[in-house]
Amino acid sequence: MLVMSEHRNMRAPPVYPDATGRIMIDLNNNTLSQLPPQTKRFPYDRSKVRAGIVHLSVGNFHRAHQCWYMDQLLAQPGYENWGFCGIGLLDDATERLKTEAFPAQDDLYTLTRYDTDGSAQHQVIGSIVEYLFAPPEPETILGRLSDPAIRIVSMTITEGGYNQEPGTGAYRLDNPLTKAELADPSHPRSAFGYIVEALRRRRDAGGKAFTVLSCDNLRDNGVITRNAVLTHAHALDADLAVWIEANVTFPSSMVDRITPAVHKEDADRVNAECGVHDLLPVISEEFAQWVIEDHFSDGRPDLDKVGVQFVKDVHPYELAKVRMLNASHSMLAYPGQLAGLSEVKQAIDQPLIHRLVDDFMTHDVIPILKQPEGMDLNAYKNKIIARFSNPKVGDRLARITGDGGSKLPTFIAPTLQIVAERGGDLRRIAFCIACFIRYLRGVDDKGQRFEPFEPHLDAQQRALANDPKTALKMEMFKDFGLEEQPELPALISDYDAAMQKHGTLAVLEEVLRTASHVM
(Lines give C-alpha, C1' and ligand atoms only; values in the text may rest on other atoms or scores of the structure.)
Protein backbone atom coordinates (compact mmCIF):
# COMPACT_ATOMS: atom_id res chain seq x y z
CA MET A 1 0.00 0.00 0.00
CA LEU A 2 1.53 3.30 -1.03
CA VAL A 3 -0.33 5.47 1.46
CA MET A 4 0.88 4.54 4.94
CA SER A 5 1.11 6.30 8.25
CA GLU A 6 4.83 7.05 7.97
CA HIS A 7 4.10 9.20 4.94
CA ARG A 8 2.34 11.61 7.26
CA ASN A 9 5.74 12.55 8.60
CA MET A 10 7.22 13.22 5.17
CA ARG A 11 7.97 16.91 4.87
CA ALA A 12 9.41 18.81 1.95
CA PRO A 13 11.45 21.93 2.81
CA PRO A 14 9.21 24.46 4.59
CA VAL A 15 9.63 27.29 2.06
CA TYR A 16 10.06 27.51 -1.71
CA PRO A 17 11.00 30.40 -3.99
CA ASP A 18 8.85 30.96 -7.04
CA ALA A 19 10.20 32.01 -10.44
CA THR A 20 10.62 35.61 -9.24
CA GLY A 21 12.34 34.65 -6.00
CA ARG A 22 9.32 35.27 -3.79
CA ILE A 23 9.01 32.81 -0.92
CA MET A 24 6.09 30.35 -0.80
CA ILE A 25 5.43 28.16 2.21
CA ASP A 26 5.02 24.40 2.00
CA LEU A 27 1.44 23.21 2.62
CA ASN A 28 0.69 20.87 5.54
CA ASN A 29 -0.94 20.93 8.95
CA ASN A 30 2.11 22.50 10.57
CA THR A 31 2.16 25.52 8.25
CA LEU A 32 -1.53 26.48 8.34
CA SER A 33 -0.83 29.22 10.86
CA GLN A 34 1.73 30.70 8.47
CA LEU A 35 -0.58 31.14 5.48
CA PRO A 36 -0.24 34.51 3.77
CA PRO A 37 -3.21 36.87 4.34
CA GLN A 38 -4.58 36.45 0.80
CA THR A 39 -5.11 32.71 1.37
CA LYS A 40 -7.84 31.77 3.84
CA ARG A 41 -8.02 28.61 5.89
CA PHE A 42 -10.92 26.70 7.39
CA PRO A 43 -11.92 27.67 10.96
CA TYR A 44 -12.68 24.17 12.27
CA ASP A 45 -10.47 21.77 14.25
CA ARG A 46 -9.57 19.30 11.56
CA SER A 47 -8.14 16.79 14.02
CA LYS A 48 -11.71 16.07 15.12
CA VAL A 49 -13.04 15.41 11.59
CA ARG A 50 -13.69 11.79 10.61
CA ALA A 51 -14.68 10.41 7.23
CA GLY A 52 -18.38 9.68 6.76
CA ILE A 53 -18.26 9.72 2.96
CA VAL A 54 -16.03 7.73 0.64
CA HIS A 55 -15.57 9.40 -2.73
CA LEU A 56 -14.47 7.34 -5.72
CA SER A 57 -12.06 9.12 -8.07
CA VAL A 58 -10.69 12.31 -6.54
CA GLY A 59 -10.42 14.58 -9.57
CA ASN A 60 -10.23 18.35 -9.74
CA PHE A 61 -14.00 18.73 -10.03
CA HIS A 62 -14.69 16.78 -6.84
CA ARG A 63 -12.13 18.87 -4.97
CA ALA A 64 -13.52 22.15 -6.34
CA HIS A 65 -17.17 21.25 -5.84
CA GLN A 66 -18.26 18.63 -3.29
CA CYS A 67 -15.21 19.17 -1.05
CA TRP A 68 -15.71 22.95 -1.15
CA TYR A 69 -19.32 22.64 -0.03
CA MET A 70 -18.35 20.21 2.75
CA ASP A 71 -15.51 22.46 3.87
CA GLN A 72 -18.09 25.17 4.55
CA LEU A 73 -20.39 22.81 6.43
CA LEU A 74 -17.58 21.49 8.63
CA ALA A 75 -17.13 25.06 9.86
CA GLN A 76 -20.47 24.66 11.62
CA PRO A 77 -20.68 22.57 14.82
CA GLY A 78 -21.98 19.02 14.77
CA TYR A 79 -20.74 17.81 11.38
CA GLU A 80 -17.35 16.38 12.36
CA ASN A 81 -18.33 12.90 11.11
CA TRP A 82 -18.87 14.01 7.52
CA GLY A 83 -15.35 14.37 6.16
CA PHE A 84 -14.26 12.73 2.90
CA CYS A 85 -12.12 9.66 2.39
CA GLY A 86 -10.93 9.91 -1.21
CA ILE A 87 -10.18 6.79 -3.25
CA GLY A 88 -8.01 6.81 -6.36
CA LEU A 89 -9.26 4.09 -8.71
CA LEU A 90 -7.13 4.43 -11.84
CA ASP A 91 -3.54 3.31 -12.01
CA ASP A 92 -2.12 6.20 -13.99
CA ALA A 93 0.50 8.93 -13.55
CA THR A 94 -1.98 11.48 -12.18
CA GLU A 95 -3.26 9.17 -9.46
CA ARG A 96 0.23 7.99 -8.55
CA LEU A 97 1.25 11.63 -8.07
CA LYS A 98 -1.56 11.98 -5.56
CA THR A 99 -0.32 8.96 -3.58
CA GLU A 100 2.76 11.01 -2.70
CA ALA A 101 1.38 14.55 -2.75
CA PHE A 102 -1.70 14.04 -0.58
CA PRO A 103 0.16 12.43 2.35
CA ALA A 104 2.98 14.99 2.11
CA GLN A 105 0.37 17.76 2.43
CA ASP A 106 -1.81 16.04 5.06
CA ASP A 107 -4.52 15.80 2.36
CA LEU A 108 -4.73 19.61 2.14
CA TYR A 109 -4.82 21.63 -1.07
CA THR A 110 -5.61 25.13 -2.26
CA LEU A 111 -8.67 26.14 -4.26
CA THR A 112 -8.56 29.37 -6.26
CA ARG A 113 -11.96 30.63 -7.43
CA TYR A 114 -12.08 33.24 -10.20
CA ASP A 115 -15.19 35.37 -10.65
CA THR A 116 -16.34 36.70 -14.04
CA ASP A 117 -14.76 40.10 -13.21
CA GLY A 118 -11.36 38.44 -12.82
CA SER A 119 -11.20 38.72 -9.04
CA ALA A 120 -9.89 35.72 -7.09
CA GLN A 121 -10.55 33.99 -3.79
CA HIS A 122 -7.83 31.69 -2.42
CA GLN A 123 -8.43 29.14 0.32
CA VAL A 124 -7.11 25.90 1.77
CA ILE A 125 -9.65 23.06 1.76
CA GLY A 126 -9.57 20.57 4.64
CA SER A 127 -12.58 18.32 4.06
CA ILE A 128 -10.56 15.40 2.65
CA VAL A 129 -9.13 13.71 5.74
CA GLU A 130 -7.89 10.51 4.12
CA TYR A 131 -6.69 9.47 0.67
CA LEU A 132 -6.21 5.85 -0.44
CA PHE A 133 -4.97 4.39 -3.71
CA ALA A 134 -6.97 1.35 -4.76
CA PRO A 135 -4.89 -0.59 -7.34
CA PRO A 136 -2.14 -1.99 -5.06
CA GLU A 137 -4.41 -3.18 -2.28
CA PRO A 138 -8.14 -3.55 -2.98
CA GLU A 139 -8.71 -5.27 0.37
CA THR A 140 -7.87 -2.05 2.21
CA ILE A 141 -10.40 -0.16 0.13
CA LEU A 142 -13.07 -2.80 0.69
CA GLY A 143 -12.41 -2.60 4.40
CA ARG A 144 -12.91 1.17 4.35
CA LEU A 145 -16.12 0.89 2.33
CA SER A 146 -17.39 -1.75 4.75
CA ASP A 147 -16.78 0.47 7.80
CA PRO A 148 -20.16 1.43 9.37
CA ALA A 149 -18.84 4.99 9.79
CA ILE A 150 -19.10 5.39 6.02
CA ARG A 151 -22.72 6.31 5.29
CA ILE A 152 -22.43 7.66 1.73
CA VAL A 153 -20.32 6.55 -1.23
CA SER A 154 -20.16 9.31 -3.83
CA MET A 155 -18.38 9.28 -7.16
CA THR A 156 -17.18 11.33 -10.11
CA ILE A 157 -16.08 8.66 -12.58
CA THR A 158 -17.02 10.61 -15.78
CA GLU A 159 -19.74 9.74 -18.26
CA GLY A 160 -17.63 6.96 -19.74
CA GLY A 161 -17.20 5.19 -16.41
CA TYR A 162 -20.74 3.79 -16.21
CA ASN A 163 -20.08 0.81 -18.51
CA GLN A 164 -23.17 1.42 -20.65
CA GLU A 165 -24.08 -0.24 -23.93
CA PRO A 166 -24.47 2.43 -26.64
CA GLY A 167 -28.03 2.65 -27.86
CA THR A 168 -29.63 0.85 -24.92
CA GLY A 169 -27.81 2.19 -21.86
CA ALA A 170 -27.67 -1.34 -20.44
CA TYR A 171 -24.86 -2.20 -18.05
CA ARG A 172 -22.31 -4.29 -19.96
CA LEU A 173 -21.78 -7.64 -18.29
CA ASP A 174 -19.66 -8.67 -21.29
CA ASN A 175 -17.05 -6.00 -20.53
CA PRO A 176 -13.77 -7.88 -19.84
CA LEU A 177 -13.19 -5.90 -16.65
CA THR A 178 -16.70 -6.64 -15.39
CA LYS A 179 -16.33 -10.35 -16.23
CA ALA A 180 -13.07 -10.47 -14.27
CA GLU A 181 -14.71 -8.79 -11.26
CA LEU A 182 -17.63 -11.21 -11.29
CA ALA A 183 -15.22 -14.15 -11.42
CA ASP A 184 -13.16 -12.76 -8.52
CA PRO A 185 -15.25 -10.18 -6.60
CA SER A 186 -12.63 -9.77 -3.85
CA HIS A 187 -10.32 -8.05 -6.35
CA PRO A 188 -12.45 -5.30 -7.91
CA ARG A 189 -11.09 -2.51 -10.08
CA SER A 190 -14.15 -0.52 -11.11
CA ALA A 191 -16.42 1.68 -9.00
CA PHE A 192 -19.25 -0.82 -9.35
CA GLY A 193 -17.08 -3.78 -8.49
CA TYR A 194 -16.04 -2.07 -5.25
CA ILE A 195 -19.56 -0.90 -4.38
CA VAL A 196 -21.20 -4.29 -4.89
CA GLU A 197 -18.56 -6.25 -2.98
CA ALA A 198 -18.63 -3.74 -0.09
CA LEU A 199 -22.42 -3.98 0.08
CA ARG A 200 -22.19 -7.78 0.08
CA ARG A 201 -19.87 -7.61 3.09
CA ARG A 202 -22.18 -5.19 4.89
CA ARG A 203 -25.14 -7.46 4.30
CA ASP A 204 -23.22 -10.51 5.53
CA ALA A 205 -22.15 -8.59 8.66
CA GLY A 206 -25.72 -7.49 9.37
CA GLY A 207 -24.76 -3.84 8.86
CA LYS A 208 -26.54 -0.89 7.33
CA ALA A 209 -26.32 -0.05 3.65
CA PHE A 210 -24.74 3.18 2.47
CA THR A 211 -26.20 5.63 -0.04
CA VAL A 212 -24.61 5.64 -3.51
CA LEU A 213 -24.48 9.20 -4.83
CA SER A 214 -23.42 9.89 -8.43
CA CYS A 215 -22.06 13.38 -9.09
CA ASP A 216 -21.48 12.92 -12.82
CA ASN A 217 -23.06 14.72 -15.76
CA LEU A 218 -25.58 12.06 -16.71
CA ARG A 219 -29.31 12.40 -17.09
CA ASP A 220 -30.95 10.42 -14.27
CA ASN A 221 -27.53 9.60 -12.88
CA GLY A 222 -29.12 8.01 -9.82
CA VAL A 223 -31.24 5.71 -11.99
CA ILE A 224 -28.22 4.78 -14.13
CA THR A 225 -26.12 4.09 -11.04
CA ARG A 226 -28.86 1.97 -9.49
CA ASN A 227 -29.18 -0.08 -12.67
CA ALA A 228 -25.42 -0.63 -12.85
CA VAL A 229 -25.14 -1.73 -9.22
CA LEU A 230 -28.19 -4.02 -9.35
CA THR A 231 -27.17 -5.61 -12.65
CA HIS A 232 -23.64 -6.26 -11.38
CA ALA A 233 -25.00 -7.60 -8.08
CA HIS A 234 -27.59 -9.85 -9.71
CA ALA A 235 -24.94 -11.42 -11.94
CA LEU A 236 -22.96 -12.18 -8.79
CA ASP A 237 -25.70 -13.12 -6.30
CA ALA A 238 -29.44 -12.73 -6.92
CA ASP A 239 -30.19 -12.54 -3.19
CA LEU A 240 -27.65 -9.74 -2.82
CA ALA A 241 -29.42 -7.77 -5.57
CA VAL A 242 -32.70 -8.16 -3.68
CA TRP A 243 -31.06 -6.87 -0.47
CA ILE A 244 -29.52 -3.89 -2.27
CA GLU A 245 -32.82 -3.02 -3.92
CA ALA A 246 -34.52 -2.99 -0.51
CA ASN A 247 -31.82 -1.15 1.45
CA VAL A 248 -29.69 1.09 -0.79
CA THR A 249 -30.77 4.46 -2.17
CA PHE A 250 -29.38 6.07 -5.31
CA PRO A 251 -30.33 9.77 -5.31
CA SER A 252 -29.90 11.66 -8.55
CA SER A 253 -27.95 14.88 -8.45
CA MET A 254 -27.01 17.84 -10.62
CA VAL A 255 -23.58 19.41 -10.21
CA ASP A 256 -22.21 22.55 -11.81
CA ARG A 257 -18.90 24.39 -11.52
CA ILE A 258 -16.42 24.93 -14.35
CA THR A 259 -13.15 23.37 -13.22
CA PRO A 260 -10.30 23.35 -15.73
CA ALA A 261 -7.33 21.03 -15.84
CA VAL A 262 -4.33 22.50 -13.99
CA HIS A 263 -1.15 22.44 -16.05
CA LYS A 264 2.27 23.28 -14.66
CA GLU A 265 2.06 26.90 -15.75
CA ASP A 266 -1.35 27.19 -14.09
CA ALA A 267 -0.06 25.64 -10.88
CA ASP A 268 2.94 27.98 -10.84
CA ARG A 269 0.66 30.99 -11.32
CA VAL A 270 -1.88 30.16 -8.63
CA ASN A 271 0.81 29.06 -6.18
CA ALA A 272 2.47 32.45 -6.63
CA GLU A 273 -0.89 34.17 -6.11
CA CYS A 274 -1.60 32.10 -2.96
CA GLY A 275 1.93 32.29 -1.61
CA VAL A 276 1.72 28.53 -1.04
CA HIS A 277 3.72 25.70 -2.58
CA ASP A 278 0.90 23.27 -3.35
CA LEU A 279 1.56 20.08 -5.31
CA LEU A 280 -2.16 19.71 -6.10
CA PRO A 281 -3.76 23.16 -6.55
CA VAL A 282 -7.26 23.43 -8.00
CA ILE A 283 -8.79 26.25 -10.04
CA SER A 284 -12.49 26.91 -10.60
CA GLU A 285 -14.97 29.61 -11.40
CA GLU A 286 -16.86 31.30 -8.56
CA PHE A 287 -20.27 29.96 -9.64
CA ALA A 288 -21.35 26.65 -8.12
CA GLN A 289 -24.61 24.70 -7.98
CA TRP A 290 -25.54 21.34 -6.46
CA VAL A 291 -29.08 19.92 -6.55
CA ILE A 292 -29.70 16.53 -4.90
CA GLU A 293 -32.72 14.26 -4.71
CA ASP A 294 -33.45 13.97 -0.98
CA HIS A 295 -33.38 10.17 -0.66
CA PHE A 296 -30.66 8.71 1.59
CA SER A 297 -30.24 5.27 3.17
CA ASP A 298 -28.50 6.24 6.42
CA GLY A 299 -28.74 9.98 6.95
CA ARG A 300 -26.99 12.86 5.25
CA PRO A 301 -25.13 16.07 6.09
CA ASP A 302 -27.22 19.26 6.11
CA LEU A 303 -25.57 20.69 3.03
CA ASP A 304 -28.61 22.88 2.44
CA LYS A 305 -27.08 25.12 5.13
CA VAL A 306 -24.30 26.00 2.68
CA GLY A 307 -26.32 26.39 -0.51
CA VAL A 308 -27.04 22.86 -1.73
CA GLN A 309 -30.64 22.29 -2.86
CA PHE A 310 -32.39 19.10 -1.70
CA VAL A 311 -35.43 18.48 -3.89
CA LYS A 312 -37.94 15.74 -4.71
CA ASP A 313 -37.18 15.84 -8.44
CA VAL A 314 -33.76 16.77 -9.82
CA HIS A 315 -34.79 16.10 -13.42
CA PRO A 316 -35.70 19.66 -14.58
CA TYR A 317 -32.48 21.13 -13.12
CA GLU A 318 -30.44 18.30 -14.57
CA LEU A 319 -31.90 18.72 -18.06
CA ALA A 320 -31.32 22.48 -18.02
CA LYS A 321 -27.69 22.08 -17.02
CA VAL A 322 -26.74 19.16 -19.27
CA ARG A 323 -28.60 20.37 -22.36
CA MET A 324 -27.61 24.02 -21.97
CA LEU A 325 -24.22 24.32 -20.30
CA ASN A 326 -22.64 20.96 -21.14
CA ALA A 327 -24.02 20.84 -24.67
CA SER A 328 -22.97 24.44 -25.31
CA HIS A 329 -19.48 23.60 -24.11
CA SER A 330 -19.33 21.01 -26.90
CA MET A 331 -20.94 23.40 -29.37
CA LEU A 332 -18.14 25.92 -28.90
CA ALA A 333 -15.25 23.55 -28.24
CA TYR A 334 -15.17 21.50 -31.45
CA PRO A 335 -15.34 24.40 -33.92
CA GLY A 336 -13.04 26.40 -31.65
CA GLN A 337 -10.34 23.74 -31.60
CA LEU A 338 -10.67 23.13 -35.35
CA ALA A 339 -10.27 26.88 -35.94
CA GLY A 340 -6.95 26.77 -34.08
CA LEU A 341 -8.12 28.24 -30.78
CA SER A 342 -7.03 26.76 -27.45
CA GLU A 343 -9.17 28.23 -24.64
CA VAL A 344 -12.90 28.45 -23.94
CA LYS A 345 -12.73 32.23 -23.55
CA GLN A 346 -11.11 32.57 -26.98
CA ALA A 347 -13.90 30.50 -28.50
CA ILE A 348 -16.81 32.35 -26.88
CA ASP A 349 -15.17 35.68 -27.79
CA GLN A 350 -15.15 34.64 -31.46
CA PRO A 351 -18.35 36.32 -32.81
CA LEU A 352 -19.53 33.40 -34.95
CA ILE A 353 -19.00 30.81 -32.22
CA HIS A 354 -20.63 33.14 -29.68
CA ARG A 355 -23.69 33.39 -31.90
CA LEU A 356 -23.78 29.62 -32.45
CA VAL A 357 -23.87 29.02 -28.69
CA ASP A 358 -26.52 31.70 -28.14
CA ASP A 359 -28.69 30.51 -31.04
CA PHE A 360 -28.38 26.86 -29.99
CA MET A 361 -29.61 27.53 -26.46
CA THR A 362 -32.25 30.08 -27.52
CA HIS A 363 -33.80 28.23 -30.46
CA ASP A 364 -32.95 24.54 -30.00
CA VAL A 365 -32.85 23.94 -26.26
CA ILE A 366 -34.92 26.40 -24.21
CA PRO A 367 -38.16 25.80 -26.19
CA ILE A 368 -38.08 22.09 -25.36
CA LEU A 369 -37.23 22.38 -21.64
CA LYS A 370 -39.53 22.58 -18.66
CA GLN A 371 -38.43 25.56 -16.61
CA PRO A 372 -37.22 24.40 -13.15
CA GLU A 373 -38.78 26.04 -10.13
CA GLY A 374 -37.01 29.29 -9.31
CA MET A 375 -34.85 29.19 -12.45
CA ASP A 376 -35.20 31.60 -15.40
CA LEU A 377 -33.79 29.77 -18.42
CA ASN A 378 -33.04 32.91 -20.43
CA ALA A 379 -31.16 34.39 -17.48
CA TYR A 380 -29.38 31.05 -17.05
CA LYS A 381 -28.34 31.15 -20.72
CA ASN A 382 -26.83 34.60 -20.28
CA LYS A 383 -25.06 33.46 -17.13
CA ILE A 384 -23.56 30.49 -18.98
CA ILE A 385 -22.15 32.74 -21.70
CA ALA A 386 -20.72 35.10 -19.06
CA ARG A 387 -19.11 32.11 -17.32
CA PHE A 388 -17.53 30.94 -20.57
CA SER A 389 -16.10 34.46 -20.91
CA ASN A 390 -14.38 34.37 -17.49
CA PRO A 391 -10.95 35.97 -18.09
CA LYS A 392 -9.05 33.99 -15.45
CA VAL A 393 -10.35 30.41 -15.42
CA GLY A 394 -8.31 29.51 -18.50
CA ASP A 395 -10.35 26.42 -19.35
CA ARG A 396 -8.86 24.66 -22.37
CA LEU A 397 -10.86 23.43 -25.33
CA ALA A 398 -8.96 20.13 -25.30
CA ARG A 399 -10.52 19.33 -21.92
CA ILE A 400 -14.00 19.97 -23.29
CA THR A 401 -13.54 18.11 -26.58
CA GLY A 402 -12.03 15.06 -24.87
CA ASP A 403 -14.17 11.93 -24.50
CA GLY A 404 -16.81 13.18 -26.93
CA GLY A 405 -17.70 9.56 -27.60
CA SER A 406 -19.24 9.48 -24.12
CA LYS A 407 -20.32 13.11 -23.83
CA LEU A 408 -22.20 13.79 -27.06
CA PRO A 409 -24.76 10.96 -26.67
CA THR A 410 -25.62 12.49 -23.27
CA PHE A 411 -25.34 16.21 -24.05
CA ILE A 412 -26.50 16.49 -27.68
CA ALA A 413 -28.49 13.40 -28.75
CA PRO A 414 -31.65 14.04 -26.64
CA THR A 415 -31.97 17.59 -27.97
CA LEU A 416 -31.47 16.40 -31.55
CA GLN A 417 -34.23 13.81 -31.18
CA ILE A 418 -36.77 16.25 -29.73
CA VAL A 419 -35.97 19.02 -32.20
CA ALA A 420 -36.39 16.50 -35.02
CA GLU A 421 -39.70 15.25 -33.61
CA ARG A 422 -40.98 18.82 -33.51
CA GLY A 423 -39.86 19.57 -37.04
CA GLY A 424 -37.15 22.00 -35.95
CA ASP A 425 -33.99 22.96 -37.81
CA LEU A 426 -31.15 20.50 -37.26
CA ARG A 427 -28.38 22.50 -38.93
CA ARG A 428 -26.71 23.79 -35.77
CA ILE A 429 -26.58 20.32 -34.25
CA ALA A 430 -25.47 18.74 -37.54
CA PHE A 431 -22.62 21.24 -37.70
CA CYS A 432 -21.47 20.26 -34.20
CA ILE A 433 -21.50 16.56 -35.13
CA ALA A 434 -19.54 17.29 -38.32
CA CYS A 435 -16.98 19.19 -36.22
CA PHE A 436 -16.67 16.26 -33.82
CA ILE A 437 -16.00 13.87 -36.71
CA ARG A 438 -13.32 16.20 -38.05
CA TYR A 439 -11.86 16.50 -34.53
CA LEU A 440 -11.37 12.71 -34.48
CA ARG A 441 -8.95 13.08 -37.39
CA GLY A 442 -6.67 15.24 -35.23
CA VAL A 443 -5.90 18.12 -37.63
CA ASP A 444 -7.14 21.71 -37.36
CA ASP A 445 -7.77 24.26 -40.13
CA LYS A 446 -4.16 25.48 -39.92
CA GLY A 447 -2.80 22.00 -40.52
CA GLN A 448 -1.66 21.65 -36.91
CA ARG A 449 -1.95 18.12 -35.57
CA PHE A 450 -3.33 17.23 -32.13
CA GLU A 451 -4.14 13.97 -30.43
CA PRO A 452 -7.87 13.49 -29.75
CA PHE A 453 -8.56 12.12 -26.29
CA GLU A 454 -11.16 9.40 -26.76
CA PRO A 455 -10.63 6.66 -24.17
CA HIS A 456 -13.94 4.97 -24.98
CA LEU A 457 -13.51 4.80 -28.76
CA ASP A 458 -11.12 2.07 -29.94
CA ALA A 459 -8.88 2.40 -32.97
CA GLN A 460 -11.39 0.65 -35.22
CA GLN A 461 -14.14 3.07 -34.22
CA ARG A 462 -11.83 6.07 -34.59
CA ALA A 463 -10.82 4.94 -38.09
CA LEU A 464 -14.44 5.29 -39.24
CA ALA A 465 -14.08 9.07 -38.87
CA ASN A 466 -12.03 9.23 -42.06
CA ASP A 467 -15.33 9.36 -43.92
CA PRO A 468 -18.31 11.21 -42.38
CA LYS A 469 -20.87 8.69 -43.64
CA THR A 470 -19.03 5.72 -42.15
CA ALA A 471 -18.33 7.75 -39.01
CA LEU A 472 -22.04 7.82 -38.26
CA LYS A 473 -21.90 4.01 -37.99
CA MET A 474 -19.87 4.31 -34.78
CA GLU A 475 -21.61 2.76 -31.78
CA MET A 476 -21.84 6.12 -30.02
CA PHE A 477 -24.32 7.34 -32.65
CA LYS A 478 -26.85 4.62 -31.82
CA ASP A 479 -28.44 7.05 -29.37
CA PHE A 480 -28.95 9.78 -31.99
CA GLY A 481 -31.84 8.20 -33.92
CA LEU A 482 -30.15 8.91 -37.23
CA GLU A 483 -32.13 6.22 -39.03
CA GLU A 484 -35.23 8.38 -38.43
CA GLN A 485 -33.54 11.45 -39.93
CA PRO A 486 -32.32 10.38 -43.38
CA GLU A 487 -31.39 13.95 -44.36
CA LEU A 488 -28.99 14.33 -41.43
CA PRO A 489 -26.07 12.15 -42.67
CA ALA A 490 -26.05 14.03 -45.97
CA LEU A 491 -26.06 17.37 -44.16
CA ILE A 492 -23.19 16.30 -41.89
CA SER A 493 -21.24 15.02 -44.90
CA ASP A 494 -21.78 18.29 -46.77
CA TYR A 495 -20.54 20.33 -43.79
CA ASP A 496 -17.50 18.09 -43.47
CA ALA A 497 -16.57 18.54 -47.14
CA ALA A 498 -17.17 22.29 -46.97
CA MET A 499 -14.98 22.66 -43.85
CA GLN A 500 -12.15 20.82 -45.54
CA LYS A 501 -12.38 23.20 -48.48
CA HIS A 502 -13.25 26.53 -46.84
CA GLY A 503 -12.44 26.17 -43.13
CA THR A 504 -14.58 25.77 -40.03
CA LEU A 505 -15.56 29.39 -39.43
CA ALA A 506 -16.57 30.00 -43.05
CA VAL A 507 -18.95 27.05 -42.90
CA LEU A 508 -20.23 28.18 -39.50
CA GLU A 509 -21.07 31.57 -40.97
CA GLU A 510 -23.21 29.85 -43.61
CA VAL A 511 -24.89 27.64 -40.98
CA LEU A 512 -25.83 30.71 -38.94
CA ARG A 513 -27.14 32.50 -42.04
CA THR A 514 -29.40 29.63 -43.14
CA ALA A 515 -30.50 27.95 -39.89
CA SER A 516 -34.06 28.73 -38.85
CA HIS A 517 -34.93 30.47 -35.58
CA VAL A 518 -38.37 28.90 -35.45
CA MET A 519 -39.10 25.51 -33.85
P260 vs N60 side-chain heavy atoms within contact, under 4.5 Å = no
query = Can D444 and Q337 be counted as having a side-chain donor-acceptor contact under 3.5 angstrom?
reply = no
query = Is the closest side-chain heavy-atom distance between V357 and M361 below 4.5 Å?
reply = yes
ask   = Can you check whether Q309 reaches Y317 side chain to side chain, under 4.5 Å on heavy atoms?
value = yes
ask   = Going by an N to O cut-off under 4.0 Å, is there a salt bridge joining D256 and R387?
value = yes
ask   = Out of curiosity, S57 OG to I87 CD1, how far, rounded to the nearest 0.5 Å?
value = 10.5 Å
request  = List the steps and the verdict of side-chain hydrogen bond (donor to acceptor under 3.5 Å, both in side chains) for D115 and S119.
outcome  = CA-CA 5 Å; D115 210 340; S119 61; 4.6 Å; no
message = Under a 4.0 Å threshold between the charged nitrogen and the carboxylate oxygen, would R113 count as salt-bridged to E286?
response = yes
request  = Check the pair H354, D349 against side-chain hydrogen bond (donor to acceptor under 3.5 Å, both in side chains), reporting the backbone distance first and the verdict last.
outcome  = CA-CA 6 Å; H354 186 289; D349 285 349; over 6 Å; no
key: Pair T158-D216, side-chain hydrogen bond (donor to acceptor under 3.5 Å, both in side chains): steps then yes or no   = CA-CA 6 Å; T158 76; D216 283 299; 5.7 Å; no
ask   = Side chains of T110 and D278: do they bring a donor and an acceptor to under 3.5 Å?
value = yes
note = One should read off an interatomic distance between M476 CE and S406 OG, to the nearest 0.5 angstrom, of 8.5 Å
task = Flag the pair F42 / V49 as yes when at least one side-chain heavy-atom distance between them is below 4.5 Å, and no otherwise.
result = no
ask   = Between R63 and Y109, is NZ or CZ placed under 6.0 angstrom from the six-membered ring centre and within 45° of the ring axis?
value = yes
query = Between F450 and Y439, is the gap from one ring center to the other below 6.0 Å?
reply = yes
message = How about CD on E373, more than 12 heavy atoms from neighbouring residues, nucleotides or ligands closer than 6.0 Å, or not?
response = no
ask   = Distance only, no hydrogens: is a donor on one side chain within 3.5 Å (strictly under) of an acceptor on the other, for K321 and N326?
value = yes
ask   = Is T211 reaching over with its side chain to a backbone N or O of S297, donor-acceptor style, under 3.5 angstrom?
value = yes
ask   = To the nearest 0.5 Å, how far apart are OG1 in T39 and CE in M24?
value = 11.0 Å
N-O pairing of R300 and D294 below 4.0 Å = yes
ask   = Are the ring centres of H295 and F250 closer than 6.0 Å?
value = no
query = Between K40 and D71, does a salt bridge (charged side-chain N to carboxylate O under 4.0 Å, His left out) hold up when you go through it step by step?
reply = CA-CA 12 Å; K40 307 303 179 186; D71 192 69; over 6 Å; no
message = Whether the N163 and N175 side chains hold a donor-acceptor pair (N or O, under 3.5 Å, no angle test) is what I'd like checked.
response = yes
query = Do the ring planes of H65 and Y69 sit parallel (below 30°), tilted (30 to 60°) or perpendicular (above 60°)?
reply = perpendicular
ask   = Ion pair present between R202 and D298, side-chain N to carboxylate O less than 4.0 angstrom?
value = no
inquiry  = Could you tell me if the side chain of I128 sits less than 4.5 Å from the side chain of M70, heavy atoms only?
reply    = no
ask   = Any Lys/Arg nitrogen of E159 or K407 sitting under 4.0 Å from an Asp/Glu carboxylate oxygen of the other?
value = no
request  = Run the salt-bridge test on R462 and E451 with the 4.0 Å N-O cut-off and return the result as yes or no.
outcome  = yes
request  = Enumerate the residue pairs fulfilling ring-ring contact (aromatic ring centres under 6.0 Å, His included) with a member in residues 374-394, sequence neighbours excluded, ordered by first and then second residue.
outcome  = H329-F388
message = Do the side chains of R201 and E197 get close enough for a salt bridge, i.e. N-O under 4.0 angstrom?
response = yes
Side-chain heavy atoms of W82 within contact of L73, under 4.5 Å = no
query = Does the separation of the ring centres of F84 and Y131 fall below 6.0 angstrom?
reply = no
task = Look at R96 together with D92 and state whether they make a salt bridge at an N to O cut-off of under 4.0 Å.
result = no
message = Donor-acceptor pair, distance only, cut-off 3.5 Å: does the side chain of N81 make one with the backbone of R50?
response = no
ask   = Nearest 0.5 Å, what's the CZ-CD1 distance between R189 and I141?
value = 14.5 Å
ask   = So does R441 have more than 12 non-hydrogen atoms from other groups sitting under 6.0 Å from CZ?
value = yes
ask   = Quick one: are E181 and H187 in side-chain contact, heavy atoms under 4.5 Å?
value = no
ask   = Does the side chain of H62 come under 3.5 Å of the side chain of T156 through a donor N or O and an acceptor N or O?
value = no
message = Between the side chains of R144 and D147, is the shortest nitrogen-to-carboxylate-oxygen separation below 4.0 Å, so that they form an ion pair?
response = yes
ask   = How far does CG of L338 sit from CG of D445, to the nearest 0.5 angstrom?
value = 6.0 Å
task = Find the distance between CD (E95) and CG (L97) and round it off to the nearest 0.5 Å.
result = 9.0 Å
task = Compare all side-chain heavy atoms of L111 with those of S284 and state whether any distance is below 4.5 angstrom.
result = yes
